[in-house]
There are 2 protein chains.
Amino acid sequence: MTSKTEPMTDDEIHHEIFDAIVEGRLSPGEKLGQDDLGKVFGVSKTRIRPILHRLADQKIVVIEPMRGAFVARPSVEEARTVNAARQIIEEGVIRAATRLAQPRHIRMLRDIVAEEQSARDRRNGARAHRLTGEFHCELARITGNDVVSEMVRELVSRDSLVVALYQRPASSGCSLGGHADLIDKIAAGDENAAAHAMRHHLQDVMDSLDLGGDRRKSQALATAFAHLERPD
Amino acid sequence: MTSKTEPMTDDEIHHEIFDAIVEGRLSPGEKLGQDDLGKVFGVSKTRIRPILHRLADQKIVVIEPMRGAFVARPSVEEARTVNAARQIIEEGVIRAATRLAQPRHIRMLRDIVAEEQSARDRRNGARAHRLTGEFHCELARITGNDVVSEMVRELVSRDSLVVALYQRPASSGCSLGGHADLIDKIAAGDENAAAHAMRHHLQDVMDSLDLGGDRRKSQALATAFAHLERPD
DNA sequence: CTTTATCATATCGTATACGATTATTCTTGC
DNA sequence: GCAAGAATAATCGTATACGATATGATAAAG
């Protein structure tokens, strides 16, 4: 299996690492050694390096020069920025989706929410979280525009790291009603209401996080010890 | 100067090639040989390759396996998709910008339009085109959100290639009124009007292009038979 | 016993070298 | 004379090798 003969393509390796990060198999801050990854996939560093850089472009990996690559640990400020970006971008998306939505799209979205609910009932937080992201991606797909879908996908994946870092222990079911509400507004064809609901939904998600905590002390000592005011 | 001692960073090389493409110094379809670029920047292929892949991720370069990298030559379908994406994304952007715009922002936008007009009067099409893109980027910057700015920047750069390929010879001054109109709507604080104007402005830009023609074919043939004759 | 300086190790970043694939050119047959 | 096939040249993709830099340990000084 993982012994010898694997002509694994770059995209496959990328996708493998990408999923491992977004699905939480790799925790924020974890080191991603080039040689280690090369051994895992049976290739040399030469092919790993560009992939890590690509992941760094997607902001789910951080490369510290001469130190190595690590799973990104988004700062509180970055978390807020990504969420704000989603509020701006996805407002346009849901408006377009509302204009274009057809019955089958509505059904698909409702199916996802149902699965999401089911996963939560089973205490399967990982799956529920994945479906939450998928909901927004499928919503973007209604536009029929691959460029838009890809951008939303990128934003959602970055948000995955944010919730992985800052989610409150017992707050996994907060955004459920939000999605159902969005679907209702879309089904009703009320563009303004849908846009409004989307902004508030995303804001709710952000408010449900435990920002301002000392969660990221280990990462950015600069901010953790900002009160010391060390003169440069 | 360009002889020996240049510790040029990867980002600098990337930015150099990026600008050369967006500003039209490198035409769509042009080959980007790894060894050639390496010689130009005084480094080895090893550092060029990841940069080309990064440009490929940004969709302004195409990498054909075992063939090499070329400046992207977006198809008509891709051109339409990118424009449609801009209509969706930038609607959200201009709505946010309208909510947040302050007098200094309005002045900045007007300055850009003025420069744009000036460049057009001087028949400086290249500069005018660059300022057109900058207008949309600055508009995105009003949101104060780097993620949003970067996304708009990416879309605008892709559109640069589209107009480089499909722009009608004598249609360089079509979108001027559009920008001024957008500013008026923003200054008036009328979010819906601004969003509407943005969609139509981008649609106008698209309509002003010469799609559906055989521009793609003739360009390809032109380069293929460049050594034979000049039909121009 | 703490602190600082030095050394060893491990990992990253880059250049070079080699095999694989494609484009081009030349030859040969029709 | 033209077309098809083979050999050559050029370029891409990958692995290996080497130099540079940061981390951790060890030893010496206070």
Side-chain angles (χ1 to χ4, degrees), chain A residues 2-17 21 26 29-58 60-73 218-222 230, chain B residues 2-17 21 26 29-58 60-73 219-228:
Chain A
T2 54
S3 54
K4 265 179 194 169
T5 60
E6 281 139 292
M8 214 168 178
T9 183
D10 287 10
D11 283 335
E12 284 173 335
I13 297 177
H14 171 88
H15 196 264
E16 206 69 38
I17 303 177
I21 294 176
L26 289 170
E30 198 145 336
K31 167 138 197 187
L32 302 173
Q34 302 180 339
D35 291 324
D36 299 341
L37 287 173
K39 279 191 177 181
V40 168
F41 294 105
V43 297
S44 201
K45 311 188 304 184
T46 319
R47 291 182 60 190
I48 298 295
R49 266 182 60 75
I51 294 171
L52 288 175
H53 275 86
R54 193 166 146 200
L55 290 165
D57 272 355
Q58 299 177 300
I60 63 178
V61 158
V62 173
I63 293 181
E64 301 182 27
M66 281 298 173
R67 293 239 355 197
F70 306 85
V71 178
R73 179 190 293 269
S218 49
Q219 184 222 5
L221 299 90
R230 198 194 112 179
Chain B
T2 54
S3 54
K4 263 180 196 166
T5 60
E6 282 142 289
M8 215 169 178
T9 182
D10 286 11
D11 283 335
E12 285 173 334
I13 298 177
H14 171 88
H15 196 261
E16 206 67 39
I17 302 177
I21 293 176
L26 289 170
E30 198 145 336
K31 167 137 199 188
L32 302 173
Q34 302 179 341
D35 291 322
D36 299 341
L37 288 172
K39 279 192 176 182
V40 167
F41 295 104
V43 298
S44 202
K45 312 188 305 185
T46 319
R47 292 182 59 191
I48 298 295
R49 268 182 59 76
I51 294 172
L52 288 175
H53 275 86
R54 194 165 146 202
L55 291 165
D57 271 357
Q58 299 176 299
I60 64 177
V61 158
V62 173
I63 294 181
E64 300 182 27
M66 282 297 174
R67 293 231 351 167
F70 307 84
V71 178
R73 178 191 293 273
Q219 263 269 2
L221 293 173
T223 49
F225 299 154
H227 53 95
L228 287 183

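Model, not experiment: these values are computed from the prediction. First the proteins, then the strands, lettered A, B, ... as listed; each starts at 1.
- For D57(B), the salt bridge (charged side-chain N to carboxylate O under 4.0 Å, His left out) test picks out R54(A), with sequence neighbours left out.
- Using a 4.5 Å cut-off on side-chain heavy atoms (C-beta onward), H53(B) and I63(B) make contact.
- Considering only residues two or more places apart in sequence or on other chains, D35(B) meets the salt bridge (charged side-chain N to carboxylate O under 4.0 Å, His left out) condition with none of them.
- I48(A) CD1 to L55(A) CG: the interatomic distance, rounded to the nearest 0.5 Å, is 10.0 Å.
- Rounded to 10 degrees, the angle separating the terminal helix axes of the helix from dC1(C)-dG30(D) to dC30(C)-dG1(D), each built from five base pairs, is 10°.
- The side-chain hydrogen bond (donor to acceptor under 3.5 Å, both in side chains) search around Q58(A) returns H14(A), not counting sequence neighbours.
- Here the side chains of D36(B) and V40(B) are not in contact, with every heavy-atom distance at 4.5 Å or above.
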- Item | Base versus backbone protein contacts along nucleotides 6-20 of chain C [heavy-atom cut-off under 4.0 Å; B, S, -] | -----SBBBBB----
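- By the side-chain hydrogen bond (donor to acceptor under 3.5 Å, both in side chains) test, D10(B) is found to be paired with R47(B), residues two or more places apart in sequence or in another chain being considered.
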